[in-house]
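Residue numbers begin at 1 in each chain, while the letters A, B, ... track the order of the sequences. Below, all heavy atoms of this structure are taken into account, side chains as well, without hydrogens, waters or symmetry copies.
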Amino acid sequence: MNIARDALGIGLRRPHVDALLSEHAPIGFLEVIAENHLDAGSLPRARLDEIAARYPVVGHGVALNLVGAEPLDLVHLERVRELVRAYGMPWFSDHLCWSASGGHRHHDLLPAPYDPELVPYVAARARFVQDFLGVPFGIENLSSYVAWGRDQMPEWEFYRQVVDASDCWYMLDLNNIYVSSVNHGFDPLAYLASVRWDRVLQVHMAGHLVRPDGLRHDTHDRPVCAEVWALYREAWALGGPFPTLLEWDDQVPPLPEVLAEVAKAASVRT
Amino acid sequence: MTSLPPPPPWLAPLQEAFGALLETPLDATGGTLRSSADAPALTAALADPSTARTRLALYHEQYWMRLYGALHAELPRFAQVVGYWRFNALATLHLHEAPPNRVDLARCGDGLAARLLAGIDRIASTAPPPATPDTRAIGPLVHGPDPWTDTLRSVRAPVDLARQALRMDEAARRALAAPHAAVWRPTGADVATLPERRLRFAPSFRLLREDWALAERAVPSDPPAPFSRHAEPWFWVSFRAERTTALARVEPGFARLLALASERPFGEAIDALAQGRDPTDTAALGAALPGWIERALTSGWWIGAR
C-alpha cells in the first residue's frame, strides 16, 4: 500500500486496535513500534497482521542503540528486517541516541555528545542498518535534557553531518526540536534552516509537559502545543510535503480524539 | 560488521556512568520516590554542572517510572493487592537482580511472578518476624539479607489473595504470548478411545481459583478499592482466543472436571467426578457433561488427546 507524500498518520497503540479493525479510519498510514511486536508473543503479531491488511504501515524503533558504544545487535536487526519485509514497510526509523550499555537495556532515548569524533562512527552504523534492512532508514532527533561539555557543534549540525555521511534520511521530530530548543536555549528555526528537506522521510508530532521549573518534558501524553504547530507550519513552508505522524503514547485517548488531533495538521499547513 | 569503526574511547565510560546512575534505585526515604544519587563524574561531563542534579534526575526518575509502569501493566491485580508502594519495592528488587536486557519493555517482567511466588511460599511456611520492616526504604532493602520476604511480609493482604492475583496476572501474560490453537473436532475414533486417553490442553489454558473478586480488576479501580471475598470460590479459565485473551467463568463442577482431566485419562476423570454422588447429583452431572465438553472444544481449551 502506498503512502502519499502529504499523508497523515498515527502511531499504532494497543487501545486503538479494535477500533481500527472495526471501521476504516480516515488515516494515511500507521507507524508500528517494532519492539512491541518482535518479542511479545503470538497475539500482538496476529493483530498486526490484521492491521497491516487494512492500512499502510511503517516501522519505527526505539532500541537500535545507534550511538551506543556497544556493537549493533545483529539478532535484533535481523528480527527488525523480518518485520519490515513481512509487512512491506517502505521505510524504518530509529533515534540518534543510545539506549543500552553494559549489556543492559535502558528503555530510554539518551543523548550523546555532539562531538565530531562520533560522526563517522554513527554514520557508519546508520549506513550499515540501512543496507541491512534494505529500505530507507530515517534517523530521528530526540528530546534532551542535558548538554555535554564535549559538544562541539549544535545538534542540528551533528544531525546533518550524520545524515550526509550515512546517506540515510531524516525522521524529523518537530516536538523534539521544540522541547530541546527550550531546554537548551537555541532557536528552533535555526534548526529547521539546517535541514536537507529532500532527505526528510517523515515528520513526527507529539505533545509534551511543561514542568513547574520550566523544563520541557517529552511525554507524548497530550495534544500538540501551539508552539509546535507553529513550527510545523514553518517546516511545511520550507520543505513540505512530507508524511506527518502523531505520536500519543501515554494517557492515550479514544481513537477519534487522536485522529482529530492529527487532522489539525491539514489546516495548519494551508 | 567488521568494517564498522570502533567507538571513540571516551564513549563507553560515559555511557556506563550514565547507565549506573539510571540503575541506582530511587530514594524512598522521603515518602516519595526521588532521585538523590550523586554522579560526580557524569556531572563533570555536562556542559552546565549547575543544572546537573535536576536534569539527570529527570532521566533517573523516568527510567524507574517507565519500568514500574510496565511492571504494573504486567501484574495489575497483584500490584493492587500489595499496593503500589510495596509493588515498586518488589519491582526494584526484581530489576536489581535482573536488569532489563530485552528490547521489548514488557519483557522486563519475565521472572518476576516466579520470584514473587517463591517469596510468598517462603513467608507462608515460616513464622512472621517480630517487627514490620520500613518499606519506604527501598534502597536499603535491596541490600538486606532477605529483602523479598521482608517486603512481602509487610503486605497486609492475605497470602492467598496475593498468590491468586499473581496467578491470574501471569495466566494473562501467558495467554498473550501463546499461539492460538485451532479448534479440535474429535473424530469418531477419537471419541471411542477418549476414556483411555488424556486430553491435551491449549498452551494458553490456565484454570484459576478465585476467592476474592480479582478477575474484574485487570484495570485498576479508581479510587483504589478493597477486594471483596466471595461466599464460595469462583473458577475461571484464562486462555487465548483467536483475536483476544479471555477469562471465562466456569461452574465448580466443570472446573473440577478440567482439573481432573489435566492429570489422568478422561474416563478416569469422569469417574472421579461422579464418585460419591447421589443419584440426583449423578443425573445432573450427566446432563451438564455434554455442554461442558462442547464448551471446552469450541473454546479451544482441549486441542487433542494422547
CA sep, side-chain torsions, deciding dist, call: B:Tyr59, A:Val146, side chain to side chain contact (heavy atoms under 4.5 Å, CB included):
CA-CA 9 Å; B:Tyr59 286 105; A:Val146 295; 4.0 Å; yes

Pairs of heavy atoms under 4.5 Å with chain B: top-ranked of A:Asp213, A:Asp115, A:Leu21
A:Asp115

Does CZ belonging to B:Arg174 count more than 12 external heavy atoms closer than 6.0 Å?
no

Given that the side chain runs from C-beta out, which part of A:Ile33 has a heavy atom under 4.5 Å from chain B: side chain, backbone, both or neither?
neither

In this structure, NE2 of A:His107 is separated from CD of B:Gln62 (nearest 0.5 Å) by 13.0 Å

Which answer fits B:Arg240, side chain, backbone, both or neither, if we ask what part of it has an atom under 4.5 Å from a heavy atom of chain A?
side chain

A:Ser99, A:Gly61, A:Ser101: which one forms the most heavy-atom pairs within less than 4.5 Å of chain B?
A:Ser101

By a 4.5 Å heavy-atom criterion (distance strictly below it), what part of A:His76 contacts chain B: side chain, backbone, both, or neither?
side chain

Do the non-hydrogen side-chain atoms of A:Asn183 and B:Arg55 ever get within less than 4.5 Å of each other?
yes

Part of B:Glu23 within contact of chain A (heavy atom distance under 4.5 Å)
side chain

So how far is it from B:Gln15 CD to A:Leu110 CG, rounded to the nearest 0.5 Å?
8.5 Å

Winner by heavy-atom pair count (cut-off under 4.5 Å) against chain B, out of A:Asp250, A:Val67, A:Asp151:
A:Val67

Checking side chain to side chain contact (heavy atoms under 4.5 Å, CB included) for the pair A:Leu43/B:Thr245: CA distance, chi angles, key distance, verdict?
CA-CA 8 Å; A:Leu43 184 56; B:Thr245 57; 3.6 Å; yes

Measuring from atom CZ of A:Arg150 to atom CH2 of B:Trp10, what distance do you get when rounded to the nearest 0.5 angstrom?
5.0 Å

For chain B, which of A:Pro113, A:Ala112, A:Ala63 has the most heavy-atom pairs under 4.5 Å?
A:Pro113

Can you find a heavy atom in the side chain of A:Asp108 that is under 4.5 Å from one in the side chain of B:Leu22?
no

Is there a side-chain contact between A:Tyr121 and B:Leu11 in this structure, where contact means two heavy atoms from C-beta onward sitting under 4.5 Å apart?
yes

Segment of A:Asn65 engaging chain B (4.5 angstrom heavy-atom cut-off):
neither

Which region of A:Ala46, side chain (C-beta onward) or backbone (N, CA, C, O), has a non-hydrogen atom less than 4.5 Å from a non-hydrogen atom of chain B, or is it both or neither?
side chain

Quick check: closest heavy atoms across A:Gly103 and B:Asn101, and the distance to 0.1 Å?
O-CB, 3.7 Å

Starting at NE2 of A:His104, measure out to CG of B:Leu95 and round the result to the nearest 0.5 Å.
11.0 Å

B:Thr54 side, atom OG1; A:Arg211 side, atom CZ - distance, nearest 0.5 Å:
7.0 Å

Is the shortest side-chain N to carboxylate O distance from A:Glu35 to B:Arg102 below 4.0 Å?
no

What part of A:Ser144 gets closer than 4.5 Å to chain B, counting heavy atoms only: side chain, backbone, both or neither?
both

Cut-off 4.5 Å, heavy atoms of chain B, and the answer for A:Arg45 is neither

Separation between CG of B:Leu46 and OH of A:Tyr145, rounded to the nearest 0.5 Å:
15.0 Å

Selection from B:Ala12, B:Gly19, B:Ala45 maximising heavy-atom pairs under 4.5 Å formed with chain A:
B:Ala45

Please determine, among B:Ala106, B:Pro6, B:Ala52, the option with the most heavy-atom pairs under 4.5 Å with chain A.
B:Pro6

Given heavy-atom pairs under 4.5 angstrom as the criterion, report whether the side chain, backbone, both or neither of A:Arg125 touches chain B.
both

